[in-house]
Structures are given as structure tokens and as C-alpha cells.
Amino acid sequence: IAVLCFPEFRLAVVQLHVTSVKADNLSRARGLVKEAAGRGSQLVLLPECFNSPYGTGFFSQYAERIPGESTQLLSETAKENQVYLVGGSIPEEDGGKLYNSCTVFGPDGELILKHRKIHLFDIDVPGKIRFQESETLTPGDRLSTFQTPFCKVGVGICYDMRFAELAQLYSRSGCQLLVYPGAFNMTTGPAHWELLQRARALDNQLYVATASPARDEASSYVAWGHSSVVNPWGEVISKAGPEEAVIYADVDLQYLADIRQQIPVTAQRRDDLYAVTSLPGAAS
Ligand SMILES: NC(=O)CCC(=O)C(=O)O
């Protein structure tokens with residue numbers, strides 16, 4: 001069956017102000033997705049941990065099974081707005097383990113995929129930040145892509161963005177857009193957030209969209225903000241500040257094809273000399 005592909009579509013990124021009240025977070029997310037759809041968006045991205053505070057001390061308290069309250073809301077929101085909804089991430093409980101999980105819903109409200117964060121955010125920058133997701137979370141064990149009428153999309157969560165191999169595997173599988181719900185902080189955000197997404201976009205000559213929670217100086221984990229969309233030339237074409245916002249970008253797949261023709265690195269890899277491969281069972 002031929003998959004109809006459209007050369008351009010509108011993407012929205014919701015930079016949500018997240019509080020400790022899950023019901024409020026869900027309600028705000030629903031309203032902003034509606035706003036985004038009202039402005040012609042066909043794919044909408046929410047931030048990492050959009051339904052609850054981001055922190056190892058909170059994951060267990062706010063964790064849900066999937067399906068559950070938050071993913072039911074996401075399904076309804078996708079359907080009522082007829083959008084592809086990349087539901088940021090939520091703390092998931094399954095079999096007594098906790099995961100940082102992103103669910104994606106189609107315009108019919110059906111669950112398309114669940115991506116569990118593959119690379120857990122374990123860092124220690126002396127005097128700046130120490131964070132150890134692995135103290136409470138279990139990593140995912142598979143790559144996640146989905147097809148839309150516009151293009152194929154690869155999914156990662158925040159720290160996953162640091163791993164060029166993941167982005168390359170998504171690109172080699174045919175993805176033209178990578179989405180990363182994230183929550184960088186006030187140390188690594190100014191240093192690496194934009195650089196990493198521009199690098200992934202340029203490495204693979206595709207679009208990259210990132211969604212951060214809005215910055216809240218009063219929270220225990222202060223998010224950097226600056227949700228963005230980067231084009232295949234490596235340019236930031238849309239960017240939020242630190243505050244709550246919805247940003248938009250028109251993803252132009254003809255432009256992507258033109259870039260790949262002008263600088264054909266995507267076709268010039270020396271597969272006879274090196275390779276980046278995923279192991280059996282790793283791709284969903
Ligand atoms: N939530 C995360 O994975 C944060 C990743 C991050 O801040 C980084 O520097 O990487």
C-alpha cells in the first residue's frame with residue numbers, strides 16, 4: 001500500500017509550565033495542544049515529564065501504568081484535535097519497575113508507540129549538578145520510530161539526544177524528523193542543549209524538535225527551557241525563551257531533499273569501511 005507523503009507540515013512544540021499538581025498539568029497541556037491545533041499544527045510535541053515534577057524523588061509518587069490517567073488524556077487530546085501527539089514523557093510503572101516513557105498517539109487517538117528512555121540521565125558535574133536517574137529508573141531496550149503521512153519520525157528522550165548513534169540509526173531507517181522531549185538544566189542547558197540538537201540535525205540532514213518544560217526557578221530541578229526546532233542545514237528555525245510558550249515550525253521536506261542533494265553526506269557514508277548498527281530486537 002503506497003503511503004501518501006505530503007512535502008510540508010506544521011509542527012508545534014509546547015513548552016509547558018509544569019507544577020506539582022498533575023491535574024493542572026494535564027489540563028494545561030490539553031489546552032495548549034488545542035491552541036496549537038487551532039493554528040494548523042498536525043504534529044505536537046510535549047516536554048519530558050510534562051505531568052509532574054522532574055526528579056528522582058518524584059518518579060515513584062507520580063508514576064502511572066500505561067494506559068492510565070495521563071495517557072488517556074493524551075489519547076483524547078490527540079483525537080479531539082486530530083493531531084499526531086508526541087506525549088512528552090511521564091514516569092511509568094510496570095512490573096514493579098519505573099521508566100521514563102514517551103507515548104505517541106495518532107489523530108484517531110490510538111496509541112502508536114511507547115518509547116522508554118534508553119540512556120538514563122546519570123551525570124555528576126562537581127559543584128554544579130549531580131543527577132542519577134538510574135537510582136530509580138530502568139532504561140528502555142528498544143529504538144522507536146513511527147510513520148506519518150508527512151514523514152517517518154524517530155523518538156528519543158532528553159539524554160538520548162547525546163548519542164549520535166541513535167540519531168544516525170533513525171536517519172538510516174528513513175526518519176526525516178527526530179523529536180526529543182527533554183529537560184536540560186541550568187548547567188548543561190546553556191552549554192549543550194542547542195549544540196546537540198543542531199549537531200543531530202546536521203549529522204543526519206533532518207529536522208530536530210525539542211520540548212522543554214518552562215523554566216521555574218522555584219522547582220528543585222530548574223529546566224533550561226528554549227524548546228526549539230532545527231532544520232537540516234543546522235539552523236534554529238524556531239525557539240522559545242524560558243517561559244511557557246507554544247512554538248511553531250513548517251517542516252519542508254523538499255528543502256530537506258535539496259540539502260541532501262547539495263551536500264550528499266547522507267549518501268556518501270563509507271559503509272564498506274564502518275557501520276553503526278542496532279542489535280536484533282532493538283528496533284520496534
Ligand atoms: N532529563 C535529561 O535527560 C537531562 C539531560 C541533560 O540535561 C543533559 O545534559 O544531557
Side-chain angles (χ1 to χ4, degrees), residues 13-20 25 29 45-63 70 86-92 98-103 114-144 154-168 170 178-201 203 208-217 219-228 230 236 239-240 242:
V13 179
V14 175
Q15 181 162 290
L16 185 72
H17 174 63
V18 179
T19 73
S20 60
N25 297 329
L45 175 60
L46 292 173
E48 180 177 27
C49 226
F50 84 95
N51 70 346
S52 53
Y54 179 71
T56 52
F58 299 109
F59 294 144
S60 178
Q61 174 187 347
Y62 286 87
S70 294
V86 180
S89 78
I90 65 169
E92 175 198 8
L98 297 178
Y99 302 89
N100 187 340
S101 300
C102 171
T103 50
K114 175 174 72 179
H115 176 77
R116 290 170 166 170
K117 191 173 187 176
I118 298 172
H119 305 90
L120 297 182
F121 178 45
D122 286 1
I123 70 166
D124 186 350
V125 180
K128 298 282 187 176
I129 181 171
R130 179 181 183 278
F131 201 103
Q132 301 290 313
E133 276 191 329
S134 60
E135 287 173 352
T136 56
L137 298 182
T138 299
D141 61 3
R142 63 192 59 240
L143 286 61
S144 305
V155 182
I157 300 172
C158 208
Y159 202 59
D160 285 340
M161 187 164 66
R162 284 186 179 274
F163 299 85
E165 297 87 342
L166 179 64
Q168 186 173 345
Y170 283 157
L178 305 184
V179 292
Y180 295 97
F184 272 45
N185 51 74
M186 299 303 285
T187 296
T188 59
H192 301 152
W193 171 252
E194 181 171 303
L195 185 57
L196 282 165
Q197 50 196 300
R198 293 186 67 198
R200 296 299 84 85
D203 286 348
V208 170
T210 57
S212 170
R215 187 181 307 169
D216 178 356
E217 305 282 358
S219 66
S220 56
Y221 181 91
V222 182
W224 172 237
H226 298 294
S227 303
S228 303
V230 181
V236 178
K239 182 164 82 170

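One-based numbering, in listed order, for ligands and for the atoms of each.
- With sequence neighbours excluded, no residue satisfies ring-ring contact (aromatic ring centres under 6.0 Å, His included) with Y99.
- Using cut-offs of 30° and 60° on the angle between ring planes, the pair H226 and W224 is tilted.
- No side-chain heavy atom of V222 sits less than 4.5 Å from a side-chain heavy atom of N185.
- With sequence neighbours excluded, no residue forms a ring-ring contact (aromatic ring centres under 6.0 Å, His included) with H17.
- Residues T188 and W193 are not in side-chain contact: their nearest non-hydrogen atoms beyond the backbone lie 4.5 Å or more apart.
- The ring-ring contact (aromatic ring centres under 6.0 Å, His included) search around F58 returns none, not counting sequence neighbours.
- For ligand 1, the 4.0 Å heavy-atom shell contains residues E48, Y54, K117, F121, C158, Y159, R162, A183, F184, N185, T188, Y221.
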